[in-house]
Amino acid sequence: MSAAIEDLKNDHEAILFALGILESIGIKISEGEKLIAADILALIDFLREFADTCHHGKEEEILFPALEVAGIPRDGGPIGVMLHEHELGRKYLRGMRAAAESLFDQVTFMQNAAAYADLLRHHIEKENTVLFPMGERVLGEEAFDAIEAQFQRHEEEVIGAGRHAELHAMLAEFGRRYL
């Protein structure tokens, strides 16, 4: 497996862990437990920054264009599906944030959180089992080395040097509090 694909799969593991925290928060809310509103907003911000800006950014700006050049279609193909799902995820994140920022619309928050978690779990499965293996068949080792270098630049330039590690530490803290 290329380092670039391993990088994305590691991101997937962190995202799945975050979804487990989100679902745990949902259970606590449905059981009437009072939670710290700032934590809920911080988890939404984590998902927006880590899953969307960082991870989806690496896919949308670096991997997917390389796969298209190598012959994997965007329109009517797996890349188009992934891009559509990224947009749906953004919609659910906006819905969660709006619900959490208001007088905490529990129903809307829970609907968006459940839809987001379900979407990303299926999305990650498709990438891990279909798109990434497809990419490894059409792109060579040299291309993946260049992609991995671009991923590192993306993380430094888009989210900032050292921020990836800070986000993982934040995720670990959420895990301690809510799992």
Side-chain angles (χ1 to χ4, degrees), residues 5-61 63-64 77-133 151 154-155 158-160 162-179:
I5 296 300
E6 189 173 326
D7 181 292
L8 294 173
K9 286 185 171 186
N10 288 338
D11 286 354
H12 283 169
E13 290 304 313
I15 293 165
L16 290 169
F17 187 74
L19 295 178
I21 295 165
L22 181 64
E23 289 170 333
S24 177
I25 285 173
I27 291 167
K28 291 176 187 306
I29 290 169
S30 68
E31 292 173 346
E33 192 172 324
K34 296 289 183 195
L35 301 178
I36 301 167
D39 279 358
I40 295 168
L41 291 171
L43 181 60
I44 294 166
D45 288 344
F46 169 87
L47 290 165
R48 184 188 43 76
E49 186 175 3
F50 186 86
D52 191 36
T53 302
C54 183
H55 177 76
H56 291 159
K58 288 188 285 192
E59 292 175 339
E60 292 174 2
E61 296 171 26
L63 179 64
F64 294 172
I79 295 170
V81 172
M82 296 300 106
L83 290 169
H84 173 71
E85 290 177 357
H86 288 181
E87 285 304 318
L88 275 176
R90 291 176 183 120
K91 179 186 128 198
Y92 294 136
L93 284 170
R94 286 189 301 272
M96 280 188 280
R97 178 162 264 300
E101 285 179 330
S102 64
L103 298 174
F104 199 76
D105 179 348
Q106 180 178 329
V107 172
T108 301
F109 176 81
M110 299 289 281
Q111 288 171 339
N112 280 279
Y116 182 75
D118 186 57
L119 171 76
L120 281 192
R121 278 197 165 80
H122 288 97
H123 178 84
I124 287 169
E125 179 69 20
K126 285 185 268 189
E127 284 184 344
N128 285 349
T129 62
V130 177
L131 186 62
F132 294 167
F151 283 178
H154 173 84
E155 287 184 11
V158 174
I159 65 169
R163 181 66 178 152
H164 202 263
E166 291 171 3
L167 290 168
H168 277 279
M170 185 185 304
L171 184 59
E173 180 57 31
F174 282 132
R176 281 189 287 282
R177 286 191 214 163
Y178 293 103
L179 292 179

**Q** Going through the distances and angles, do M82 and H56 end up as a side-chain contact (heavy atoms from CB on, under 4.5 Å)?
**A** CA-CA 10 Å; M82 296 300 106; H56 291 159; over 6 Å; no
**Q** Looking at every non-hydrogen atom in both residues, tell me the closest pair between C54 and H164 and how far apart they are.
**A** SG-CD2, 3.8 Å
**Q** Does the D118 side chain pair with the main chain of A114, one donor and one acceptor, at a distance under 3.5 Å?
**A** no
**Q** Give a yes or no on whether the backbone of V158 and the side-chain of T53 come within a donor-acceptor separation of less than 3.5 Å.
**A** no
**Q** Is there side-chain contact between E13 and F17, with heavy atoms separated by less than 4.5 Å?
**A** no
**Q** Flag the pair L19 / Y116 as yes when at least one side-chain heavy-atom distance between them is below 4.5 Å, and no otherwise.
**A** yes
**Q** Sequence neighbours left out, what passes side-chain hydrogen bond (donor to acceptor under 3.5 Å, both in side chains) with E101? Give chain and number order.
**A** R97
**Q** Would you check, one step at a time, whether the test side-chain contact (heavy atoms from CB on, under 4.5 Å) holds for I29 with I40?
**A** CA-CA 11 Å; I29 290 169; I40 295 168; 4.1 Å; yes
**Q** For the pair H154 and E61, evaluate side-chain contact (heavy atoms from CB on, under 4.5 Å) and give the outcome as yes or no after the intermediate values.
**A** CA-CA 9 Å; H154 173 84; E61 296 171 26; 3.7 Å; yes
**Q** Enumerate the residue pairs fulfilling salt bridge (charged side-chain N to carboxylate O under 4.0 Å, His left out) with a member in residues 79-95, sequence neighbours excluded, ordered by first and then second residue.
**A** D52-R90, E60-R90, E85-K126, E87-R90
**Q** Looking only at heavy atoms, which two atoms of L47 and A18 are closest? And how far apart?
**A** CD2-CB, 3.8 Å
**Q** Could you grab the distance from atom CD of E125 to atom OG1 of T129, nearest 0.5 Å is fine?
**A** 4.5 Å
**Q** Could you report the tightest heavy-atom contact between R121 and G20, atom names first, then the distance?
**A** NH2-N, 4.0 Å
**Q** Do L171 and I21 come close enough that some side-chain heavy atom pair is under 4.5 Å?
**A** yes
**Q** For a 4.5 angstrom cut-off between non-hydrogen side-chain atoms, does L43 reach M96?
**A** no
**Q** Please give me the minimum heavy-atom distance between H168 and A14, naming the atom from each residue.
**A** CE1-CB, 3.6 Å
**Q** Any donor-acceptor pair under 3.5 Å linking the side chain of T108 with the backbone of D105?
**A** no
**Q** Using the side-chain hydrogen bond (donor to acceptor under 3.5 Å, both in side chains) criterion, which residues pair with Y92? Sequence neighbours excluded.
**A** none
**Q** Is there a salt bridge (Lys or Arg N to Asp or Glu O under 4.0 Å) between K9 and E127? Walk through the geometry before answering.
**A** CA-CA 9 Å; K9 286 185 171 186; E127 284 184 344; over 6 Å; no
**Q** Between atom NE2 of H86 and atom CG of L119, what is the distance when rounded to the nearest 0.5 Å?
**A** 9.0 Å
**Q** Got L8 and F151 here, is their nearest side-chain heavy-atom distance under 4.5 Å?
**A** yes
**Q** Please report whether the ring centroid of H123 lies less than 6.0 Å from that of H12.
**A** no
**Q** Which label fits F46 and F50: parallel for a plane angle under 30°, tilted from 30 to 60°, or perpendicular past 60°?
**A** parallel
**Q** First locate atom CG of L63, then atom CG of D7, and finally report the distance between them rounded to the nearest 0.5 Å.
**A** 10.5 Å
**Q** Could you tell me which non-hydrogen atom of I36 sits nearest to which non-hydrogen atom of Y178, and how far apart they are?
**A** N-OH, 4.3 Å
**Q** Once rounded to the nearest 0.5 Å, what's the spacing between atom CG of L167 and atom NE2 of H55?
**A** 13.5 Å
**Q** Could you tell me the separation between the CD1 atom of I27 and the CG atom of L22, rounded to the nearest 0.5 Å?
**A** 10.5 Å
**Q** Given side-chain contact (heavy atoms from CB on, under 4.5 Å), test L131 with E59 step by step and report yes or no.
**A** CA-CA 11 Å; L131 186 62; E59 292 175 339; over 6 Å; no
**Q** Going by side-chain hydrogen bond (donor to acceptor under 3.5 Å, both in side chains), name the residues that satisfy it together with H84, two or more places apart in sequence or in a different chain.
**A** none
**Q** Which residue pairs pass the salt bridge (charged side-chain N to carboxylate O under 4.0 Å, His left out) test with at least one member in residues 24-38, sequence neighbours excluded?
**A** none
**Q** Considering only residues two or more places apart or on different chains, which pairs with a residue in residues 170-179 satisfy salt bridge (charged side-chain N to carboxylate O under 4.0 Å, His left out)?
**A** D39-R177, E173-R176, E173-R177
